[in-house]
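First comes the structure, then the notes that go with it.
Below, each value reflects all heavy atoms present in this structure, side chains not excepted, and no hydrogens, waters or symmetry copies. Residue numbers count from 1 along this sequence.
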Amino acid sequence: MGAGGGLLLASAGAVTVFATSGALWVKVPMMFGPMALALVMITVAQTSIARIAPPSQRRVALGALVEVFALGGVVSPLVLGWIVDSTANPAVGYRDGWLVTAALLLVTGLLAAFFMRPEKDARRLGVPGSRAAGVPVSH
């Protein structure tokens, strides 16, 4: 299993605990601990795409990734608002919204864990390897 997928799966579990627990002493550690693990995926995704994409297409591929992440910031409030408005009690709506988030994290975590193999994909696609040493960090 890939590390990125494991982070998403841990985050899915934490979001589920957060959504279903009524105790604040449980919610706070979930929020500042394992729920935040999903945030690491932007770095994992960028690194994976940079490794898989041919050098001539990296800018486009990384730009598309940023667009998808930004689109989530636009669409998610609309979806959550719809979920909250569709219930009689806003607290139930927010809980359901967190559970939808947990389900998405679970599905994407499983997909990443079992299918995300950037080095193998780069070899299969014929993308040249990068130099591991001698890369300048400043000019």
Side-chain angles (χ1 to χ4, degrees):
M1 172 169 38
L7 294 174
L8 287 173
L9 293 173
S11 187
V15 171
T16 303
V17 170
F18 178 86
T20 57
S21 174
L24 190 60
W25 67 271
V26 172
K27 288 181 179 262
V28 171
M30 289 299 112
M31 186 181 300
F32 292 109
M35 280 175 64
L37 293 174
L39 300 175
V40 175
M41 283 310 293
I42 184 69
T43 305
V44 172
Q46 288 173 334
T47 304
S48 297
I49 286 176
R51 180 63 188 107
I52 293 170
S56 63
Q57 296 297 315
R58 274 191 198 130
R59 291 179 289 188
V60 173
L62 289 169
L65 174 70
V66 170
E67 186 273 331
V68 168
F69 271 87
L71 187 60
V74 173
V75 172
S76 63
L78 297 171
V79 172
L80 180 60
W82 177 79
I83 292 171
V84 171
D85 288 345
S86 68
T87 62
N89 180 352
V92 172
Y94 281 109
R95 185 206 63 211
D96 291 351
W98 280 112
L99 291 174
V100 167
T101 300
L104 290 170
L105 287 166
L106 176 67
V107 169
T108 56
L110 289 170
L111 289 172
F114 291 109
F115 297 111
M116 194 168 84
R117 303 285 184 261
E119 290 299 323
K120 180 180 174 186
D121 291 336
R123 281 191 304 275
R124 183 178 54 82
L125 295 169
V127 177
S130 59
R131 295 184 317 203
V135 178
V137 293
S138 65
H139 296 292

Residue list, side-chain contact (heavy atoms from CB on, under 4.5 Å) with [X], at least two apart or on another chain:
{"X": "T108", "result": "L8"}
{"X": "N89", "result": "A91, V92"}
{"X": "A10", "result": "L37"}

Quick one: name the residues clustered hydrophobically with [X], using the 4.5 Å side-chain heavy-atom rule over I, L, V, M, F, W, Y, and just say none if it's on its own.
{"X": "V74", "answer": "none"}
{"X": "L39", "answer": "none"}
{"X": "V79", "answer": "L71, V75, W82, I83, V100, L104"}

Counting only pairs under 3.5 Å, give me each side-chain donor-acceptor contact of residues 109-116, with atom names and distances, residues two or more places apart or in other chains.
none

From the options T20, L105, L99, select the one residue that forms a side-chain contact (heavy atoms from CB on, under 4.5 Å) with V15.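 It is L105; the other options fail the test.
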
Measure the spacing between OH of Y94 and CG of L80 and express it to the nearest 0.5 Å.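 Going from OH on Y94 over to CG on L80, the span is 6.0 Å.
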
Which pairs of donor and acceptor atoms, one on a side chain in residues 27-35, lie under 3.5 Å apart (sequence neighbours left out)?
from, atom 1, to, atom 2, distance (Å)
K27, NZ, F18, O, 2.8
K27, NZ, S21, O, 3.2

Please list, one pair per line, the donor and acceptor atoms closer than 3.5 Å that link side chains of residues 54-69 to other protein atoms, with sequence neighbours excluded.
from, atom 1, to, atom 2, distance (Å)
R58, NE, A50, O, 2.6
R58, NE, A53, O, 3.2
R58, NH2, A50, O, 3.3
R58, NH2, A53, O, 3.4

A side-chain contact here means heavy atoms from C-beta on lying under 4.5 Å apart; do L7 and S11 qualify?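 Of all side-chain heavy-atom pairs linking S11 with L7, none is under 4.5 Å.
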
Would you say V40 ends up clustered with I49 if hydrophobic residues are merged whenever their side chains have heavy atoms under 4.5 Å apart, either directly or through other cluster members?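 Different hydrophobic clusters.
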
